[in-house]
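Take a look at the structure set out below.
In what follows, residues are counted from 1 in the order of the sequence shown.
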Amino acid sequence: MATSSKLHPLVDSLVRIILTIIFFYSFKALFNVQNDLLLAGISVLCAFVLFRSLVFAFRKFNAQN
């Protein structure tokens, strides 16, 4: 059990990085934006909101069961 508490932050970070990359390239393909820094900031924000909402929904679902 002690190793699982060390593993959670790593998994959280990897999921956030993967979501950020997915959002970045999706937005880059959909929109014609010249400023990649702006696109990266929006992608990080969207990934953060999606990740937090998924964690909230997961915890709420587990609390009901």
Transitive ILVMFWY side-chain link [X] to [Y], under 4.5 Å:
| X | Y | value |
| --- | --- | --- |
| Leu14 | Ile22 | no |
| Leu50 | Phe61 | no |
| Leu7 | Ile17 | yes |
| Phe48 | Val11 | no |
| Leu37 | Val44 | no |

Under the side-chain contact (heavy atoms from CB on, under 4.5 Å) rule, what do Phe51 and Leu19 come out as? Steps first, then yes or no, please. CA-CA 8 Å; Phe51 180 76; Leu19 283 174; 4.1 Å; yes
How many angstroms lie between atom SG of Cys46 and atom CD1 of Ile42, to the nearest 0.5 angstrom?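 The SG atom of Cys46 sits 7.0 Å away from the CD1 atom of Ile42.
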Separation between OH of Tyr25 and CG of Leu39, rounded to the nearest 0.5 Å: 10.0 Å
Can you give me the closest heavy-atom contact between Ser43 and Phe27, atom names plus distance?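 Looks like OG-CD1, 3.7 Å.
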